[in-house]
Undergrad: 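This is the structure I want to talk about, given as C-alpha cells.
Note that the structure is a prediction, hence the values are computed from the model and not measured.
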Amino acid sequence: MTVSIIPATKTHHPQLLSMFVAHAHLEQHTLHIDDQLQTMDTLDTLPIELFIIELKHTTIGYFSIIPQFSTWDMKEYLYLDCLFIQDTYRGMGIGKYVIHYIFNLAKKRGYQQVQWQTPDTNQSAIQFYLAQGAKPKAKHRFFYTIGE
C-alpha cells in the first residue's frame, strides 16, 4: 500500500471542501460553506499547513498543522488541527501511517510535543490515539462567534 502525503495546492481545493463537510458531519456538526474557497486561495500566507493524503494517486484525506505555544510549558508545540480520512479507507493502517508521519515531522522540526483534540463522541478515534501512545487531556473546547 503506497500512501503519499503532499502539500495541498489549488487543484485540491474542491476535494478539500467536500472533505471538510464530511469531517464536520463525522464530528456531528454542520459546516456552512461561504468564503472557505476564497481563503484557501491565500493558503501560503496563513499560519497553517494543509496536506493531502493520497493512496495510489487518489485523494483519501487531509490534515492540517499549526505551530503553537504553550504558556504553561513555555515551549512551542505542533498542533494537529484536523485529521480526516474518508470512511472507505479507515481501518487499513493509513491513520497509523499518517499520525506517525506527523510525529516524525514534528520531531524533525524540533518540536517536543504534538497536541490535538477529538470529540468525546468519536470513541474509535480516541481508542486509535490511545493505541498510538497518546495521552488524553480532559478539556472542553468553547467558541464564541463575534457578531451573534
Undergrad: Minimum heavy-atom separation for I126 to P119, with atom names?
TA: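 So the minimum-distance heavy-atom pair works out to CD1-O, 3.8 Å.
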
Undergrad: Quick one: pull up CG in L80 and CD1 in I102 and give me the separation to the nearest 0.5 Å.
TA: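 Going from the CG atom of L80 to the CD1 atom of I102 covers 4.5 Å.
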
Undergrad: With rounding to the nearest 0.5 Å, note down the distance linking CG in L55 to OG1 in T2.
TA: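 Spacing of CG (L55) from OG1 (T2) equals 7.5 Å.
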
Undergrad: Please, which pairs that meet salt bridge (Lys or Arg N to Asp or Glu O under 4.0 Å) have at least one residue in residues 18-44, sequence neighbours excluded?
TA: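 Every pair satisfying salt bridge (Lys or Arg N to Asp or Glu O under 4.0 Å) with a residue in residues 18-44: there are none.
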
Undergrad: Same cluster or not: M40 versus I33, using hydrophobic residues (I, L, V, M, F, W, Y) connected whenever any side-chain heavy atoms lie under 4.5 Å apart?
TA: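 Both belong to a single hydrophobic cluster.
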
Undergrad: For S124 and N122, run side chain to side chain contact (heavy atoms under 4.5 Å, CB included): C-alpha distance rounded to whole Å, both residues' side-chain angles, the deciding distance at 0.1 Å, then the answer.
TA: CA-CA 6 Å; S124 62; N122 195 347; 3.3 Å; yes

Undergrad: Among residues two or more places apart or on two chains, list those pairs meeting salt bridge (Lys or Arg N to Asp or Glu O under 4.0 Å) that have a residue in residues 80-109.
TA: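 Listed by first then second residue: E49-R109, D87-R90.
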
Undergrad: For the residue pair I52 and Q15, establish whether any side-chain heavy-atom pair is separated by less than 4.5 Å.
TA: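 Side chain of I52 against side chain of Q15, heavy atoms only: no contact under 4.5 Å found.
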
Undergrad: Do H23 and F20 have their ring centres less than 6.0 Å from each other?
TA: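 No.
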
Undergrad: M19 and I60: which non-hydrogen atoms are nearest, and at how many Å?
TA: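 The answer is SD-C, 4.2 Å.
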
Undergrad: To the nearest 0.5 Å, how far apart are OH in Y62 and CD1 in I6?
TA: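 Rounded to the nearest 0.5 Å, the OH-CD1 separation comes out at 15.5 Å.
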
Undergrad: Any side-chain heavy atom of Q36 within less than 4.5 Å of one from T39?
TA: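 No, side chains not in contact.
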
Undergrad: Side chains of I53 and Y89, heavy atoms from C-beta outward: is any pair under 4.5 Å?
TA: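 Answer no - side chains too far apart.
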
Undergrad: Do Q28 side-chain atoms and H25 backbone N/O form a donor-acceptor pair below 3.5 Å?
TA: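 Between the backbone of H25 and the side chain of Q28 there is no qualifying donor-acceptor contact (under 3.5 Å).
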
Undergrad: For the pair F51 and Y101, name the ring-plane relationship: parallel under 30°, tilted 30 to 60°, perpendicular over 60°.
TA: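 Answer is perpendicular, since the angle exceeds 60°.
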
Undergrad: Within the supplied structure, the quantity of interest is the number of heavy atoms (other residues, nucleotides, ligands) at a distance under 6.0 Å from Q38 CD; does it exceed 12?
TA: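 12 or below, so no.
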
Undergrad: Does H100 NE2 have over 12 foreign heavy atoms under 6.0 Å away?
TA: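 Above 12, so yes.
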
Undergrad: Look at the side chain of T42 and the backbone N and O of T45, then say whether any donor-acceptor pair between them is shorter than 3.5 Å.
TA: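 No, the answer is negative, given that no donor and acceptor are paired below the 3.5 Å cut-off.
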
Undergrad: Are Q113 and D73 side-chain neighbours, meaning at least one heavy-atom pair lies under 4.5 Å?
TA: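 Side-chain contact under 4.5 Å: yes.
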
Undergrad: Might you point out which heavy atoms bring P136 and L130 nearest each other, and give the distance in Å?
TA: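 Residues P136 and L130, closest heavy atoms: CD-CD2, 3.7 Å.
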
Undergrad: Checking side chain to side chain contact (heavy atoms under 4.5 Å, CB included) for the pair L105/I5: CA distance, chi angles, key distance, verdict?
TA: CA-CA 11 Å; L105 181 63; I5 296 173; over 6 Å; no

Undergrad: A side-chain contact here means heavy atoms from C-beta on lying under 4.5 Å apart; do L83 and T118 qualify?
TA: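 The answer is no, as the side chains (C-beta and beyond) never meet within the 4.5 Å cut-off.
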
Undergrad: L17 versus L31: any side-chain heavy-atom pair under 4.5 Å?
TA: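 Contact flag for L17/L31 side chains = no.
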
Undergrad: Run the numbers on Q112 and K75 for side chain to side chain donor-acceptor pair (under 3.5 Å), then give the verdict.
TA: CA-CA 8 Å; Q112 295 177 344; K75 293 180 183 171; 3.1 Å; yes

Undergrad: Taking all non-hydrogen atoms of both residues, which atom of V114 and which atom of W116 are closest, and how far apart?
TA: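 Shortest heavy-atom separation between V114 and W116 comes out as O-CZ3, 3.6 Å.
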
Undergrad: Compute whether any side-chain donor of one residue and acceptor of the other, for Y79 and Q117, lie under 3.5 angstrom apart.
TA: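 Looking only at side-chain atoms, Q117 and Y79 do form a donor-acceptor pair, the distance falling under 3.5 Å.
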
Undergrad: Checking Y129 now: which residues fulfil side-chain hydrogen bond (donor to acceptor under 3.5 Å, both in side chains) with it, not counting sequence neighbours?
TA: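 Not a single residue meets the side-chain hydrogen bond (donor to acceptor under 3.5 Å, both in side chains) criterion with Y129.
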
